[in-house]
Trainee: 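Sending over a structure as structure tokens; questions will come in a sec.
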Amino acid sequence: METSPENIYEPATAEPIARTVKPGTAAFAAVMDALPEALYLFSADKRVVRVNQAGSRLENRSSAIELQGLRCCEMLWGVNGATECVVDRALARDEPAEIELLTGPLRDQPTVIKVFPIKDLLGNSTGQAIVTASDVSGLRAAEKEAMERKAFMTSLADLSPDEIYGLDTEGRIVWMNERAEAANNYLLTGVLRRPVLDFIAAESSATATDAMTRTLSGEEVECELKTLRTDDETRDVEVHTAPLWRDGAVTGLLIYMRDVTERKRQQERMAQADKLRSVGELAAGVAHNLNNVLTVIQSRAQLLLRKAEGDESATNSLEAITRAVSDGSQTLRRIMNFARREQGDEFVKVNLQEVMTASVEIARPKWQKSQSGQGITVNIENDGPVYALGDPAELSEVLINFLFNAADAMPDGGSIELGAVAEFDAAVFWVSDTGRGMPPEIVSRIFEPFFTTKGDLGTGLGLSASQGIIARHGGRCTVLSAPGDGTRIEVRLPLFPSA
């Protein structure tokens with residue numbers, strides 16, 4: 001029987017127009033033409049039997065009559081040389097099919113083609129199909145704009161100087177920008193859904209918890225925290241938290257972090273420099289006044305010494321006074337040098353091995369006086385002479401200070417090791433012990449003036465003065481220590497230039 005619009009059965013899953021308006025009627029044609037989408041009806045032999053006006057325009061035809069009788073593969077979605085088209089696939093599988101392609105005169109109009117096989121009232125396939133073609137240019141343009149905005153916002157987030165973290169209401173990380181990944185050596189896959197508190201140092205946990213609680217209640221919070229890196233290093237960060245709102249409720253929060261570790265270290269260095277400057281100014285003032293006093297004593301003692309000729313007892317006493325004044329003047333000169341922190345013109349070639357040997361012999365009696373000192377052994381590594389440019393007396397003072405501190409760190413005995421080596425343009429010497437060691441917060445302060453862990457037994461000036469001497473020599477000092485692992489102090493000085 002010849003297929004015609006009048007023979008199309010009412011499909012069980014057809015569009016509403018096919019169920020309410022009978023094919024072949026003027027109402028059916030009017031409804032089809034009123035649709036904004038292109039609509040095609042295909043017979044069982046896959047030929048067009050009805051096309052609305054939108055379909056005619058899409059096919060670039062002046063009338064729908066021109067399209068009637070054409071095969072499905074001859075329509076706009078057909079591909080030259082193809083053995084089947086989307087209508088063939090839909091009918092072969094007896095299920096809807098969908099494709100998207102570019103149409104229009106310039107082939108730049110995204111169009112979605114949907115095929116619906118038509119079934120009779122019993123649900124059996126009739127071999128016929130309805131095809132709709134929808135212009136989705138506006139949708140794709142909107143999607144493109146949304147993607148561009150998303151990419152722009154992502155770029156802004158990644159280029160932000162701050163680390164940005166997105167958290168859910170349980171405080172778990174759901175997103176972070178590239179700066180956060182780089183700053184912490186984190187990969188998002190490694191921290192996704194983990195509580196942010198896992199990456200907060202213990203001393204800042206309470207502050208972080210309070211900040212998140214207040215933020216989830218709708219408040220923005222600013223605070224400072226210590227965070228943990230994957231290598232267990234701590235960082236100082238400034239934190240700003242903001243709630244994420246949706247439909248009047250807080251659905252999460254954003255955390256903005258700015259690493260201020262280096263800034264804090266710089267502030268500490270500046271504070272340390274200010275302290276040293278103050279100590280230097282104080283020392284310089286005291287030394288100047290004492291030097292004036294000693295000058296008077298020295299001159300008077302010399303006058304009395306001339307008058308005391310023949311009086312052996314008086315002469316001996318006055319000579320002792322003169323020597324003491326001379327030694328005091330030398331001490332004041334060192335204090336003045338420490339205050340000025342200037343490299344001296346008197347620096348000479350110094351054999352560090354000889355200075356270490358002499359310093360050990362000078363320091364040994366002090367720790368041997370104590371019971372614990374009986375169990376202290378000292379070893380000097382000797383791989384040949386190492387020559388530095390400096391003042392042997394001042395470098396000996398530094399080594400003696402280091403040795404005293406090493407002995408004090410071993411109340412139950414232990415071993416001290418000294419050594420020196422030449423490295424490129426530097427002469428390096430070190431003192432290490434097997435004592436109690438120090439935590440990082442103590443290590444960072446041991447060169448501060450008046451800072452001591454010895455209570456009334458220490459003044460806190462020995463290591464500060466030692467650092468001043470090393471600085472005046474143009475060198476630097478490094479301390480490596482950990483609780484229970486002993487301490488190693490290493491000093492790098494200018495190497496004495498070879499001939």
Side-chain angles (χ1 to χ4, degrees), residues 150-269 271 436-446 453 479-485:
K150 181 179 179 181
F152 177 70
M153 295 304 295
T154 300
S155 297
L156 282 181
D158 289 336
L159 293 174
S160 169
D162 296 333
E163 303 162 32
I164 307 176
Y165 303 82
L167 275 60
D168 61 16
T169 54
E170 299 297 322
R172 295 170 298 197
I173 298 173
V174 295
W175 174 85
M176 61 184 179
N177 66 349
E178 288 183 356
R179 192 170 296 274
E181 294 181 23
N184 298 281
N185 295 330
Y186 292 148
L187 291 177
L188 184 58
T189 53
V191 300
L192 196 64
R193 311 305 297 176
R194 286 184 60 183
V196 72
L197 290 177
D198 288 353
F199 309 101
I200 303 296
E203 60 263 39
S204 297
S205 180
T207 303
T209 301
D210 176 69
M212 287 194 296
T213 301
R214 291 165 57 190
T215 304
L216 289 172
S217 67
E219 182 180 351
E220 293 191 16
V221 180
E222 292 184 355
C223 60
E224 288 192 9
L225 301 174
K226 285 188 176 294
T227 63
L228 299 173
R229 289 166 48 97
T230 52
D231 54 9
D232 291 331
E233 288 289 328
T234 60
R235 300 185 304 138
D236 294 294
V237 295
E238 291 178 344
V239 176
H240 179 91
T241 64
L244 289 173
W245 294 90
R246 179 179 296 175
D247 299 329
V250 177
T251 58
L253 62 152
L254 285 177
I255 295 181
Y256 301 85
M257 288 187 183
R258 178 162 294 186
D259 191 330
V260 294
T261 306
E262 187 56 35
R263 188 175 76 190
K264 279 187 168 290
R265 288 176 180 171
Q266 182 65 24
Q267 290 173 345
E268 290 172 359
R269 286 193 289 267
R436 293 170 295 190
M438 299 175 288
E441 58 270 21
I442 299 297
V443 172
S444 64
R445 299 188 62 191
I446 62 172
T453 59
V479 181
L480 300 175
S481 184
D485 290 337

Trainee: What distance do L159 atom CG and E178 atom CD have between them, rounded to the nearest 0.5 Å?
Mentor: 8.0 Å
Trainee: Looking at every non-hydrogen atom in both residues, tell me the closest pair between V443 and S481 and how far apart they are.
Mentor: CG2-CB, 4.0 Å
Trainee: Please examine the side chains of I173 and R194, heavy atoms only from C-beta on, and report whether any two atoms are closer than 4.5 Å.
Mentor: no
Trainee: What's the shortest heavy-atom distance between V250 and T169, and which atoms?
Mentor: O-CG2, 3.8 Å
Trainee: Please determine whether side chain to side chain contact (heavy atoms under 4.5 Å, CB included) holds for the pair M176 and E163, giving the CA-CA distance in whole Å, both sets of side-chain angles, and the decisive distance to 0.1 Å.
Mentor: CA-CA 8 Å; M176 61 184 179; E163 303 162 32; over 6 Å; no
Trainee: Between atom CG of L197 and atom CG of L228, what is the distance when rounded to the nearest 0.5 Å?
Mentor: 11.0 Å
Trainee: Under a 3.5 Å distance rule, please check whether T261 uses its side chain to pair with a backbone N or O of D236 as donor and acceptor.
Mentor: yes
Trainee: Looking at side-chain heavy atoms only, is the closest gap between R263 and R258 below 4.5 Å?
Mentor: no
Trainee: Which atom names give the shortest non-hydrogen contact between V237 and D259, and what distance separates them?
Mentor: CG1-CA, 4.1 Å
Trainee: May I ask you to decide if D162's main-chain N or O and N177's side chain share a donor-acceptor pair within less than 3.5 Å?
Mentor: yes
Trainee: Measuring only between side-chain heavy atoms, which start at C-beta, is E220 closer than 4.5 Å to P243?
Mentor: yes
Trainee: Going by side-chain contact (heavy atoms from CB on, under 4.5 Å), T241 matches just one of L216, L167, V221. Which one?
Mentor: V221
Trainee: Please set out all donor-acceptor pairs under 3.5 angstrom arising from side-chain atoms of residues 200-207, sequence neighbours excluded.
Mentor:
unit_1: S204; atom_1: OG; unit_2: K226; atom_2: N; d: 2.9

Trainee: Once you round to the nearest 0.5 Å, how far does OG1 of T215 lie from CD1 of I255?
Mentor: 7.5 Å
Trainee: Taking the side chain as every heavy atom from C-beta outward, state whether R193 and V174 have any pair of such atoms under 4.5 Å apart.
Mentor: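 SC-SC contact between R193 and V174 confirmed.
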Trainee: Would you mind reporting whether P195 and E170 have side-chain heavy atoms less than 4.5 Å apart?
Mentor: no
Trainee: Return the minimal non-hydrogen interatomic distance between G218 and W245, and the atom names on each side.
Mentor: CA-CZ2, 3.7 Å
Trainee: Taking atom CE of M257 and atom CD1 of I164, what is their separation to the nearest 0.5 Å?
Mentor: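 Rounded to the nearest 0.5 Å, the CE-CD1 separation comes to 11.5 Å.
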Trainee: Minimum heavy-atom separation for I442 and M438, please, with both atom names.
Mentor: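 Residues I442 and M438, closest heavy atoms: CG2-SD, 3.8 Å.
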